[in-house]
Structure formats: structure tokens, C-alpha cells
Novice: 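Sharing a structure with you now.
All of these numbers come straight from a predicted model, not from anything done at the bench. Letters A, B, ... are given to chains in the order of the sequence lines, protein chains preceding strands, and every chain is numbered from 1.
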2 protein chains.
Amino acid sequence: MILEDLERATGVEDLQRLIEALRDHFAVDHMVYHWVNSDGEQYGCGTYSDGWVERYITKDYLKIDPVVSGCYQRFHPVDWKRLDWSSRASRQFQTDAIRHGVGNQGFSIPIRGPNGQFAMFTVSHNAADDAWADFAETNRRDLILIAYYFNQKALEFEPGRTPEPTTALSPREVEAMTFLAIGYSRAQVAQTLAISEHTLRVYIESARFKLGAQNTTHAVARAISRGLIVV
Amino acid sequence: MILEDLERATGVEDLQRLIEALRDHFAVDHMVYHWVNSDGEQYGCGTYSDGWVERYITKDYLKIDPVVSGCYQRFHPVDWKRLDWSSRASRQFQTDAIRHGVGNQGFSIPIRGPNGQFAMFTVSHNAADDAWADFAETNRRDLILIAYYFNQKALEFEPGRTPEPTTALSPREVEAMTFLAIGYSRAQVAQTLAISEHTLRVYIESARFKLGAQNTTHAVARAISRGLIVV
DNA sequence: GCCGGCCTCACCATTATTGGGGAGTTGGAA
DNA sequence: TTCCAACTCCCCAATAATGGTGAGGCCGGC
């Protein structure tokens with residue numbers, strides 16, 4: 001089955017090949033994996049035409065695509081029909097998309113990973129409403145799993161995701177960082193931990209040093225994104 | 001099947017009932033859903049003893065539990081054995097957990113939702129290593145789907161626990177937060193963005209207000225854990 | 001038994017951040 | 001067109017954070 005192939009994938013070429021196989025397997029027009037960085041960078045693979053992908057990027061459609069914002073706000077898979085297409089920009093985008101071969105129906109699954117990673121797995125097709133509803137109902141679970149495995153592989157292949165040498169913080173340092181991260185001032189943290197502010201400073205500086213951080217805010221940011229504290 | 005029951009669930013009582021049914025169905029010692037709020041609050045349901053749950057909370061084990069930080073750093077399901085149990089605090093925690101009836105084996109699936117929501121779905125059991133590896137291998141996909149549906153329902157039932165609807169930051173605010181998060185001082189950020197420090201302050205204050213943050217560090221922490229910026 | 005990491009406390013001076021005001025432009029949405 | 005959100009700039013005073021330096025006790029590993 002396809003999940004096994006996915007598990008065996010060893011590079012991004014495999015993902016492109018597999019997504020085409022998936023499209024054929026589900027007999028739909030398009031299948032796309034789309035990783036969106038929060039600063040607007042994008043990576044993806046799928047079966048949309050090169051023309052549409054290029055147009056999407058150059059026209060900065062990412063910012064007005066209701067599928068993107070809809071997925072970003074939700075956890076569950078979204079049927080495109082249930083999104084808000086009312087604004088003029090949305091409708092223009094929709095018309096343009098259909099003209100470039102994107103189906104009139106679509107189904108997108110939001111996926112989130114560590115460090116705010118966000119991606120979408122999309123199936124698109126030209127079909128009547130009820131046929132599409134049937135398709136979505138029938139295949140939802142498989143698609144969720146495929147999206148999950150796809151993202152897992154994408155994360156794996158992403159360069160720069162190499163696990164950093166996690167310099168563990170001491171328990172007191174973790175506590176200090178945690179309280180700072182939830183908005184306590186140094187005085188409040190010291191009071192909460194029942195230690196002097198001087199002592200607290202030692203922890204913060206120690207944590208800053210271990211994390212290679214320039215200042216407290218930086219240290220807290222690193223502690224969070226390295227998963228050393230859960231805020 | 002159980003996924004159907006999950007889809008039909010209409011309240012948290014159903015989730016508690018279902019997770020017990022799931023434990024019996026998979027014939028394991030424990031099954032737990034554990035939602036960690038972005039301010040350190042916790043909610044969960046599962047089959048751990050009340051004593052252990054209470055102890056976990058009062059001893060603030062959330063902060064030192066290697067399962068939590070391990071899941072927080074990863075996307076894929078994690079086998080407890082492959083986590084880092086080397087620190088003293090970790091080993092104490094482990095001993096205490098086993099004494100309170102938690103299994104020696106475990107398998108936890110991280111789940112992430114909108115606005116930085118983070119939860120874990122955990123299966124725990126007393127078993128030998130190879131038997132457990134078999135179990136995990138056999139049931140991984142089912143468990144991933146169950147975790148997914150469970151979180152979907154949990155999000156549905158607990159709207160109050162969801163962090164305030166994403167008050168998106170403006171582009172400049174995102175830039176400001178991002179540079180602060182990588183250790184720049186206000187002066188440096190202002191210079192980098194080629195704006196006056198006064199202007200920068202307006203962005204920071206605005207972002208702080210939108211994020212409901214007490215201070216800059218808090219704002220950056222929230223921006224990161226809600227996935228508004230990537231560091 | 002020594003070394004190192006962790007936890008605790010202190011002072012001084014400097015720099016950075018914050019909170020309170022006010023004010024003008026621009027571009028897109030209603 | 002009107003309005004609002006976003007972007008830009010300014011002052012003053014109070015408060016918070018930081019850098020440097022120092023010290024003692026406790027515990028576990030080599």
C-alpha cells in the first residue's frame with residue numbers, strides 16, 4: 001500500500017513521485033503538499049501545473065487564499081466549499097485558480113509540526129457537490145494518515161532540521177525560564193520561586209549562557225523553540 | 001468501530017468513557033489524552049490513577065517529564081525508551097511514575113492545533129521491549145488516527161481553553177517580534193528595520209497588546225508558541 | 001578527596017526598557 | 001467617500017535589566 005512506500009521514501013524526489021501515484025490511486029485531478037513558513041516562504045510538491053504554481057507565488061496568492069487562512073485557523077480537514085469566499089479578492093483568486101486547472105472541489109488537511117511548522121495536504125477535483133461529499137467522507141481517514149506521513153517525511157528531508165545539541169537546563173533554570181515566558185517580571189519570578197532576585201539573576205544568566213543567548217528574551221525564545229520549556 | 005464512536009461523541013464524559021473503552025480494546029494498562037495549555041495549565045482524560053494525576057500536578061512534573069519535552073520537539077510518535085532519561089530529575093520522575101502504576105513502556109503521539117495548541121495521546125503498558133515494539137508497530141496508524149480524532153473532539157468541547165482567536169500580527173510586528181526573538185536589542189531591531197526606535201516601540205507595544213502579553217519577553221514567547229513567528 | 005555543577009546570597013554602575021502623552025501619512029475596505 | 005488599520009515620528013520620567021565581581025554550602029561522580 002502507499003503508506004508503506006511513503007515510509008520507505010528517502011528523498012524529496014520520492015515524495016513528488018508518490019504524490020503523483022496517490023493522485024492516480026484516488027483518481028482525482030490534483031494532490032498537493034504545501035509547506036508554508038510563517039515568514040511567507042513556501043515549499044511544496046504536487047500535481048498543479050507549473051504555470052499555476054508560478055502564478056500563485058508571483059501574485060502572492062498565499063496571503064489571500066482562503067484555503068490557507070481557513071486551514072490555519074482549524075484543526076480538522078476543511079472542505080473548500082465551507083470556507084469564506086465572499087471577499088472580492090477571494091472570488092478573483094477562485095476564478096483564476098479554476099482557469100489554471102485547479103478543481104472546483106477541494107479538501108485540505110492542516111498539519112502542524114514543532115517550532116510552528118505548518119503545512120497543508122490538499123486534494124482537488126472537478127466534481128458535483130454530492131459526489132465530492134461522498135469522496136471526502138469515504139477517504140477522509142486515509143487522507144489524514146497520508147497527510148501525516150507526508151509531513152513526517154517532509155520534516156525528515158528538510159535540511160537544517162538536524163537536532164541541535166540540547167544543552168539541558170537545570171530544574172531551577174527551567175522554572176526561571178518558564179515563569180519569564182509567561183510574563184512574570186524578575187521580581188515576580190524571584191518571589192514565586194521564593195529566592196532573592198540576585199539568585200534568580202544567576203539562573204537567568206546561566207541559562208542564557210547555556211543557550212548561547214544574547215539576552216533574556218532570546219534565551220526564553222530559544223528555550224521554547226528547543227522544547228526545553230513548555231509554554 | 002471506535003472511530004465512529006469518537007465522531008459521535010458529544011461531550012467530555014464521552015471522551016473519558018471512550019478512552020477507557022480504547023484501553024480495553026487495545027488491552028493495555030493505560031491510555032491518556034493530555035492537553036497542555038500554552039500557559040502551563042493542563043487538561044486531560046485517561047486511565048491513570050487519581051493519585052498519580054494529582055501528584056503529577058502538585059509536583060509540577062510537567063516541567064521535567066521527558067515525554068512532554070520529547071513530544072514537544074518532535075512530530076512523529078515517540079517511544080518512551082528513545083527519550084533522554086539521563087538527568088537525575090528524569091530518573092526520579094520515572095521511578096515515581098512506575099511506582100504509581102504507569103507502565104514501563106509507553107508510546108506518545110504529539111498533536112498540535114491552531115494557536116499553538118499542544119496535546120499528547122499516550123499509551124502505556126507493562127511489557128518486555130520486543131513485545132512492546134511489536135505492539136507499537138502494529139497499532140501505530142490506528143493510534144495516530146485516534147489521537148487525531150480525540151484532539152478534534154477535545155478542541156470542539158473546550159472552546160474556552162483555546163487561546164484567544166488569532167489576533168494576527170501585522171507584518172511589521174512580525175518582523176519586530178522575530179528579530180527580538182533572535183536576540184536583537186531594540187536598537188538593533190530598529191536599525192535592521194531602518195525605522196526609529198520610537199516606531200519600533202509602537203510595534204512592540206501593539207504586538208504585546210494583541211497577544212495579551214505583560215512584557216516583551218512574554219509577547220515573544222506567545223508569538224513563538226502560537227506559531228506566529230519562527231525562530 | 002577533589003572537581004564540577006547546582007543552589008543560594010550581595011553590591012555597584014550603566015544601559016535598556018517601559019508607560020504616559022501626542023501627531024501625521026497612506027492604502028485598502030466598507 | 002469615509003473610516004480604520006498600519007506605519008511613521010517625537011518627548012519625558014520611571015523602572016527594569018544587565019555586566020562585572022565575589023562568596024559559601026551541598027551533592028554526586030571520578
Novice: Do the numbers put B/Lys63 on top of the ring of A/Phe179, so that NZ or CZ is under 6.0 Å from the six-membered ring centre and no more than 45° off the axis?
Specialist: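 Relative to the ring axis of A/Phe179, which defines the angle, B/Lys63 lies inside both limits.
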Novice: What is the separation between atom CD on A/Glu175 and atom C1' on C/dC7, rounded to the nearest whole Å?
Specialist: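 My rounded result for the distance is 12 Å.
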Novice: Ignoring the backbone of B/Lys210, work out which of D/dC9, D/dA6, C/dC7 is nearest its side chain.
Specialist: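 The answer is D/dA6.
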Novice: Rounded to whole angstroms, how far apart are CD on B/Gln214 and P on D/dT15?
Specialist: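 Going from CD in B/Gln214 over to P in D/dT15 covers 18 Å.
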Novice: Does a side-chain N or O of A/Ser170 approach OP1 or OP2 of C/dC7 to a distance below 4.0 Å, or not?
Specialist: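 Yes, because at least one side-chain N or O of A/Ser170 sits under 4.0 Å from OP1 or OP2 of C/dC7.
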Novice: Could you check whether A/Ser206 gets within reach of a base, just the sugar-phosphate, or nothing at all, counting any heavy atom under 4.0 Å?
Specialist: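 It contacts nothing in the nucleic acid.
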Novice: Roughly, in whole Å, what's the span from CG in A/Leu193 to P in C/dC6?
Specialist: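 Going from A/Leu193 (CG) to C/dC6 (P), I get 16 Å.
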Novice: Counting only side-chain heavy atoms from C-beta out, which of C/dA10, D/dC9, C/dG19 sits nearest to B/Arg201?
Specialist: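 Closest of the options to the side chain of B/Arg201: C/dG19.
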Novice: Nearest of D/dC9, D/dA6, D/dC7 to any side-chain atom of B/Thr199?
Specialist: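 The closest nucleotide is D/dC9.
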Novice: OP1 or OP2 of D/dG19 sitting under 4.0 Å from any side-chain N/O of A/Arg208?
Specialist: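 So the side chain of A/Arg208 is within the cut-off, an N or O lying under 4.0 Å from OP1 or OP2 of D/dG19.
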Novice: Assign each of A/Ile204 and B/Arg91 to its nearest nucleotide of DNA chain D by heavy atoms, then name whichever residue's nucleotide is nearer the 5' end.
Specialist: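 It is A/Ile204 whose nearest nucleotide is closer to the 5' end.
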Novice: Please tell me which of the listed nucleotides, C/dT17, C/dT8, C/dC6, lies nearest to the side chain of A/Ile195?
Specialist: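 Selected nucleotide: C/dT8.
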Novice: Do B/Thr217 and A/Thr217 pair up side chain to side chain, a donor and an acceptor below 3.5 Å, judged on atom types alone?
Specialist: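 There is such a pair between these side chains.
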Novice: Looking only at side-chain N and O atoms, does B/Arg88 come under 4.0 Å of OP1 or OP2 in D/dG29?
Specialist: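 For B/Arg88, the contact criterion (side-chain N or O under 4.0 Å from OP1 or OP2 of D/dG29) is not met.
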Novice: Picking from B/Phe75, B/Tyr72, B/Trp35, what satisfies ring-ring contact (aromatic ring centres under 6.0 Å, His included) with B/Phe118?
Specialist: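 Of the listed options, the one satisfying the test is B/Tyr72.
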Novice: For A/Leu200 and C/dT8, what is the distance between atoms CG and P respectively, to the nearest whole Å?
Specialist: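 Result: 10 Å.
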Novice: Starting at atom CD of B/Glu197, determine the distance to atom C1' of C/dT15, rounded to an integer number of angstrom.
Specialist: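 Result: 11 Å.
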Novice: What heavy-atom pair brings B/Ser124 and B/Gly103 nearest, and what distance separates the two atoms?
Specialist: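 Shortest heavy-atom separation between B/Ser124 and B/Gly103 comes out as OG-N, 2.9 Å.
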Novice: I want to verify a distance call: between D/dC10, C/dC9, D/dG28, whose nearest atom is closest to the B/His198 side chain?
Specialist: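 The closest nucleotide is D/dC10.
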Novice: Where each residue is assigned the nucleotide of DNA chain D containing its nearest heavy atom, which of B/Ala194 and B/Asn215 is assigned the position nearer the 5′ end?
Specialist: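 Its nearest nucleotide being more 5', the pick is B/Ala194.
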Novice: Grab the CD-C1' distance between A/Gln92 and C/dA29 for me, whole Å please.
Specialist: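 Rounded to the whole Å, the gap is 14 Å.
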Novice: Take the protein atom OH of A/Tyr203 and the nucleotide atom C1' of C/dG5, then report the distance between them rounded to whole Å.
Specialist: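 To the nearest whole Å, that distance equals 12 Å.
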Novice: Which nucleotide in the list D/dC11, D/dC9, C/dC7 gets nearest to the side chain of A/Pro171?
Specialist: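 The answer is C/dC7, which lies nearest to the side chain.
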Novice: Can you tell me which residue among A/Trp80, A/Trp132, A/Phe135 is in a side chain to side chain contact (heavy atoms under 4.5 Å, CB included) with A/Phe107?
Specialist: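 So the option named by the test is A/Trp132.
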Novice: Find the distance B/Glu205:CD to C/dT17:C1' and express it as a whole number of Å.
Specialist: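 B/Glu205 atom CD is separated from C/dT17 atom C1' by 10 Å.
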